[in-house]
Amino acid sequence: QVQLVESGGGLVQAGGSLRLSCAASGRPFSWYAMGWFRQAPGKEREFVATISRSGLNTYYTDSVKGRFTIARDNAKSTVYLQMNSLKPEDTAVYYCAAKSAIWDVIVTAEYEYWGQGTQVTVSS
């Protein structure tokens, strides 16, 4: 079992920045590929970014490429999502997720563990 707790959400003006954090506890953090997802009101949850076990491999959905950066600190069992140049359409509840992985690969689906989410609101 892995427990995930997100933090860092809030209200920001368009063009601003936020950094989300997700602290993990339970089994060794380095066993897991990590991802960030988001769900806007009335929409399905969508993939945002993922990072491999070591942190060497990352992947982003097209709409956030060049603006968001995913990173992890295995010593602190924490994954981050740095969000710059925020737009109103980035408004959503952001969730971090973990998936056990044998290899150092990126994962975009079938995550096993989820956090409770943190609200990000971008005003125009």
Side-chain angles (χ1 to χ4, degrees):
Q1 285 279 4
V2 175
Q3 292 77 45
L4 304 171
V5 179
E6 302 97 335
S7 61
L11 174 63
V12 63
Q13 289 188 334
S17 299
L18 282 175
R19 188 177 80 155
L20 305 183
S21 299
C22 174
S25 60
R27 292 180 175 174
F29 184 65
S30 61
W31 290 5
Y32 297 88
M34 300 297 296
W36 286 96
F37 292 74
R38 66 187 180 186
Q39 187 167 20
K43 295 187 177 181
E44 294 188 353
R45 186 165 57 192
E46 65 170 349
F47 165 81
V48 175
T50 181
I51 189 166
S52 64
R53 292 173 51 182
S54 69
L56 290 178
N57 303 302
T58 59
Y59 180 76
Y60 302 87
T61 192
D62 286 345
S63 62
V64 308
K65 285 180 181 176
R67 300 189 297 122
F68 290 11
T69 303
I70 188 171
R72 67 189 293 163
D73 185 336
N74 284 348
K76 294 183 178 180
S77 298
T78 301
V79 62
Y80 305 96
L81 186 67
Q82 177 67 44
M83 305 185 295
N84 299 328
S85 301
L86 282 162
K87 304 175 181 180
E89 51 263 43
D90 294 318
T91 295
V93 177
Y94 283 71
Y95 300 89
C96 73
K99 178 173 173 58
S100 57
I102 297 175
W103 308 110
D104 193 31
V105 296
I106 56 174
V107 177
T108 60
E110 299 181 349
Y111 278 79
E112 299 163 279
Y113 304 102
W114 295 85
Q116 83 289 349
T118 186
Q119 177 70 46
V120 171
T121 303
V122 184
S123 63
S124 57

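One is the number of the first residue; the rest follow in order along the sequence.
- For the atom pair E46 CD and T61 OG1, the distance stands at 6.0 Å (nearest 0.5 Å).
- For the 3.5 Å distance criterion, the side chains of E112 and S100 qualify, holding a donor opposite an acceptor.
- At least one side-chain heavy atom of C96 sits under 4.5 Å from a side-chain heavy atom of L4.
- When the side chains of ILVMFWY residues are joined at heavy-atom separations under 4.5 Å, either directly or via intervening members, F47 and V93 end up in a single hydrophobic cluster.
- Across all non-hydrogen atoms, the minimal contact from A71 to V79 is O-CG2, 3.2 Å.
- For an aromatic pair to be called close, the ring centres must be under 6.0 Å apart, and Y95 with F37 fails this.
- Judged by a 6.0 Å distance limit and a 45° cone about the ring axis, R72 is not positioned over the six-membered ring of Y80.
- Neither side chain, S30 nor N74, offers a donor N or O lying under 3.5 Å from an acceptor on the other.
- Of all heavy-atom pairs spanning G9 and V120, the tightest one is CA-CG2, 4.2 Å.
- For the pair R38 and V64, the minimum side-chain heavy-atom distance is below 4.5 Å.
- Side-chain contact between T69 and L81: absent, with no pair of heavy atoms (C-beta onward) separated by less than 4.5 Å.
- At distances below 3.5 Å, at least one donor-acceptor pair connects side-chain atoms of E6 with backbone N or O atoms of G117.
- Between Y113 and Q1, some side-chain heavy-atom pair lies under the 4.5 Å cut-off.
- A salt bridge does not link K87 with D90: none of the charged nitrogens is closer than 4.0 Å to a carboxylate oxygen.
- Under the 4.5 Å side-chain criterion, counting only non-hydrogen atoms from C-beta, Y60 is not in contact with R67.
- With no hydrogens or angles considered, a side-chain donor-acceptor pair links T50 and Y111 at under 3.5 Å.
- Of all heavy-atom pairs between S124 and A14, the closest is CA-CB, 4.4 Å.
- Interatomic distance, W36 CH2 to M83 CE, rounded to the nearest 0.5 Å: 8.0 Å.
- Between Y59 and T108, some side-chain heavy-atom pair lies under the 4.5 Å cut-off.
- Counting only distance, with no hydrogens or angles, the side chain of T91 and the backbone of T121 share no donor-acceptor pair below 3.5 Å.
- Under a cut-off of 6.0 angstrom, the local environment of CD1 in I102 is sparse, with at most 12 non-hydrogen atoms contributed by other residues, nucleotides or ligands.
- Checking side-chain atoms of Q39 against main-chain N and O of Y94 turns up no donor-acceptor pair under 3.5 Å.
- Once rounded to the nearest 0.5 Å, the distance linking CZ of R27 with CD of Q3 reads 10.0 Å.
- Sparse packing is recorded around NZ of K43, with 12 or fewer heavy atoms of other residues, nucleotides or ligands lying under 6.0 Å away.
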request  = Evaluate the criterion side chain to side chain contact (heavy atoms under 4.5 Å, CB included) for residue pair D104 and L56; output intermediate values, then yes/no.
outcome  = CA-CA 8 Å; D104 193 31; L56 290 178; 4.2 Å; yes
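- Side chain of R53 to backbone of M34: no donor-acceptor contact under 3.5 angstrom is found.
- I70 is not connected to V107 by any chain of hydrophobic side-chain contacts under 4.5 Å among Ile, Leu, Val, Met, Phe, Trp and Tyr, and they are in different clusters.
- Note that CG of L18 is 9.0 Å distant from CZ of F68, once rounded to the nearest 0.5 Å.
- T78 and D73 are not linked by any side-chain donor-acceptor pair at a separation below 3.5 angstrom, with hydrogens and angles left out of the test.
- Of the possible polar contacts, none joining the S85 side chain to the G15 backbone as a donor-acceptor pair under 3.5 Å is found.
- When side chains are defined from C-beta on, T118 counts as touching L20, because their heavy atoms get closer than 4.5 Å.
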